[in-house]
There are 2 protein chains.
Amino acid sequence: MPRSQEPLSRQSQEHAQASLHKEQAQSRDSANERPRGRGPASGQPHSHPHPQEPGSAVPRARRAGKNGDGADRHDAIYHAISDAIIEHQLRPGARLREDALTEVFHVSRTGIRKILQRLALEQLVTLTPRRGASVTRPTESEARDVFAARQLVECGLMPEVADYMTADAARELKRMASDEREALRAGEHSRAIKLSAAFHERLAGLSGNATLAAFVRQLCSRSSLILAVYGTTGPLGCEAHDHDDLVDALERGEGNHARTLMHHHLKEIEASLSVVEETASAPDLHQIFGMVR
Amino acid sequence: MPRSQEPLSRQSQEHAQASLHKEQAQSRDSANERPRGRGPASGQPHSHPHPQEPGSAVPRARRAGKNGDGADRHDAIYHAISDAIIEHQLRPGARLREDALTEVFHVSRTGIRKILQRLALEQLVTLTPRRGASVTRPTESEARDVFAARQLVECGLMPEVADYMTADAARELKRMASDEREALRAGEHSRAIKLSAAFHERLAGLSGNATLAAFVRQLCSRSSLILAVYGTTGPLGCEAHDHDDLVDALERGEGNHARTLMHHHLKEIEASLSVVEETASAPDLHQIFGMVR
DNA sequence: CAGCCACGCCTTGTATACAAAAATCAGGCG
DNA sequence: CGCCTGATTTTTGTATACAAGGCGTGGCTG
């Protein structure tokens, strides 16, 4: 009964999702793991517009230099870490210590924590209760689930995408596919991986369904992680002309054909994974010892 | 300023860890919004009793008494808020002030913040940059997206579920359906809504795909929110025998039939939504003034 | 010589303090 | 009489301080 009325102007539905741009290369090089040494991480100031020395001896000196919020900065950091993981610059199992990130990005642990949590909810990092954050190492069943989900969702989206396809979008997609192929040929694995994920994400975005697009985005990120663990070095993910063929079919409005192509495409990626069984401890040890940086 | 640790913080902390079981039943109902007035409402003389025992309740039980962290406590709070939203005890647009939650759950703002962020990532609450958290009011396009996603995923999962269906699972699902019908008949809307969501979630869980199950869970939560805004009062969501028929088909292993049933079921729910347009300000005013609720 | 225990450091978890910004309320002026 | 402007208050954003837990190391003992 004491239900008071709302202030009536509460329709600001700003949804922070699907920000699919903003991919500038940034300082993502010095946040890798460190074999339990005492020495401070390589504190390269790099290119930060933040006039602060990493000595952290300034308790509250700078207050005015900030823009209205630190939200965009957090977003940039999030994207930096996320990209680094997706591009395999941070390998699965790599620890992400909070103060290391603090001193890399010049944001206090509070902000780092927030970002880490977000990454954890997207399954890109794993938060072990007292041990901190590390890049998740997907299990085999997770890998299976992720690819099954992609089959279901991405294939199911193709007819929709075919309806919404425009010449501009097709051109953009083809450019992405060609970029990816070029990166692959040039041996730039990181770039190729990211471009492949970006292609799939963009495709899902063209369906017009923001929710499913976000889900696909997440699935692609996790796929990249899966590739990092189970991927074979040779045919890196999406091969040759698959993406081009896909775009062609979509451009012609052949949704069903596109669905079939996507099905085979994903199947192919999944088949390229080396399902080496690592249930025993020996491979685990091998991986751990072989992976010290 | 090396301020010494107050006994307040000390007892608060121990209290948070020790009394895990005491007040999570009553803690869900008093976190509603408040007409932004000053003084009177917030001037509660903190009537909640602090049943803290400074006598070091369990300092030695490192595995049994308090598990690793307050993580489970956070989880409990998360579920409390989440359930309250899903059950429409917290309506869309309701503000979730941080210190209100703090004083309800006896956890400091840090923890509340973490939980709020998690809820925000699941789209159950909206975090407006300087205005805090509020239960999200789904837009019409969001509603469309969510239901399209459910169509795609839940229907696509049916064959899988039919394969994995066991007699036990079928029995459990039928019990849930019957409970839901009973709650509906008894007029307990909250319970019915939650049970309906639980049914769909359980169904998705039976597919064996954890990723997709989690996604469906999220979609169901959002659906509940959508129902709160656009739902008609009468035929509340899932009607009568739909769920039973679904389970029957699944039990018989008829995946395709189940898919069709699910398709119609979701279609029906979506069709029952009233898409009242509220673009202008006039309807807004009308709704607010006419809505003594 | 090997196993066990204790100590200590390192890292995270949590709370609190401080500051900025937004919204509301009050008052004055057009 | 309404609108605008100024101040207050509330509320979030951010950083820091403190406490606790785990892990490694080193010393002791059987």
Side-chain angles (χ1 to χ4, degrees), chain A residues 6-10 12 33-40 52 56-74 77 95-103 105-117 120 127-134, chain B residues 1-17 33-43 59-63 66-74 77 95-103 105-117 120 127-134:
Chain A
E6 282 278 308
L8 73 79
S9 66
R10 195 63 72 221
S12 67
E33 68 176 353
R34 177 165 63 88
R36 191 163 188 81
R38 305 289 193 274
Q52 185 179 357
S56 78
V58 271
R60 49 183 58 101
R62 83 283 180 270
R63 267 285 132 189
K66 313 267 291 197
N67 58 2
D69 212 1
D72 55 346
R73 172 161 305 272
H74 284 186
I77 297 172
R95 290 189 55 184
L96 300 168
R97 280 179 27 249
E98 290 181 355
D99 22 356
L101 295 173
T102 286
E103 105 186 20
F105 292 111
H106 305 290
V107 183
S108 85
R109 276 181 51 214
T110 309
I112 292 294
R113 219 143 159 76
K114 198 158 87 174
I115 293 161
L116 245 34
Q117 237 180 71
L127 254 53
T128 314
R130 284 286 174 187
R131 305 260 309 271
S134 57
Chain B
M1 227 78 71
R3 46 129 184 76
S4 62
Q5 71 278 14
E6 261 114 56
L8 180 66
S9 66
R10 192 101 177 108
Q11 56 95 357
S12 164
Q13 181 176 333
E14 289 197 353
H15 168 77
Q17 289 174 352
E33 81 268 18
R34 181 167 61 83
R36 194 174 182 76
R38 54 197 44 160
S42 67
R60 192 56 55 190
R62 45 180 298 169
R63 267 304 138 196
K66 62 183 178 95
N67 70 0
D69 257 325
D72 55 347
R73 160 147 286 265
H74 283 184
I77 298 173
R95 292 189 54 187
L96 300 168
R97 279 175 30 245
E98 289 182 356
D99 28 359
L101 296 173
T102 285
E103 107 185 18
F105 292 110
H106 306 290
V107 183
S108 84
R109 276 181 51 214
T110 309
I112 292 295
R113 227 160 148 86
K114 198 159 86 174
I115 293 160
L116 246 34
Q117 232 180 80
L127 253 52
T128 315
R130 287 283 176 187
R131 304 258 308 271
S134 58

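Keep in mind that the numbers below use all heavy atoms, side chains included, and drop hydrogens, waters and symmetry copies. A, B, ... follow the sequence lines: proteins, then strands. Residue 1 opens every chain.
Atom CD1 of I77(A) is separated from atom CG of L101(A) by 9.0 Å, given to the nearest 0.5 angstrom. A distance of 9.5 Å separates CD in Q117(A) from CD1 in I115(B), rounded to the nearest 0.5 Å.
The side chain of S108(A) approaches dA15(D) more closely than any other nucleotide in the set dA15(D), dT12(D), dT14(C). In the set dT12(D), dA15(D), dT11(C), dT11(C) carries the atom at the smallest distance from any side-chain atom of D99(A). When the nucleotides dT16(C), dG13(C), dT11(C) are ranked by their closest atom to the side chain of T110(B), dT16(C) comes out on top. If you check dT11(C), dT14(C), dA21(C) against the side chain of R130(B), the one that comes closest is dA21(C).
Distance, F105(B) CZ to dA15(C) P: 14 Å, rounded to whole Å. Put simply, CZ on R113(B) is 14 Å from C1' on dT14(C), counting in whole angstrom units. Going from atom CG of L116(B) over to atom P of dT11(D) covers 14 Å, rounded to whole Å. Nucleotide dG13(C) holds its P atom 16 Å from the CD1 atom of I77(B), rounded to whole Å. Whole-Å rounding puts the R73(A) CZ to dT14(D) P distance at 11 Å. Atoms CG (L127(B)) and P (dG13(D)) sit 6 Å apart, rounded to a whole Å. Rounded to whole Å, the distance from CD1 on I112(B) to C1' on dT14(C) is 13 Å. H106(A) has its NE2 atom 17 Å from the P atom of dT14(D), to the nearest Å.
Comparing E98(B) and V107(A) against DNA chain D, the residue whose closest nucleotide sits nearer the 5' end is E98(B). Between R109(B) and K114(B), the residue whose closest nucleotide on DNA chain C is further toward the 5' end is K114(B).
One finds no side-chain N or O of R97(B) lying less than 4.0 angstrom from the OP1 or OP2 phosphate oxygen of dT10(D).
If you check distances only, the side chain of R131(A) never reaches the base of dG21(D) with a donor-acceptor pair under 3.5 Å.
Considering only residues two or more places apart in sequence or on other chains, E98(A) meets the side chain to side chain donor-acceptor pair (under 3.5 Å) condition with R109(A), R113(A). R131(A) pairs by the side-chain contact (heavy atoms from CB on, under 4.5 Å) definition with T128(A), not counting sequence neighbours.
Of the possible donor and acceptor atoms, one in the side chain of R73(B) sits under 3.5 Å from a partner among the backbone N and O of F105(B).
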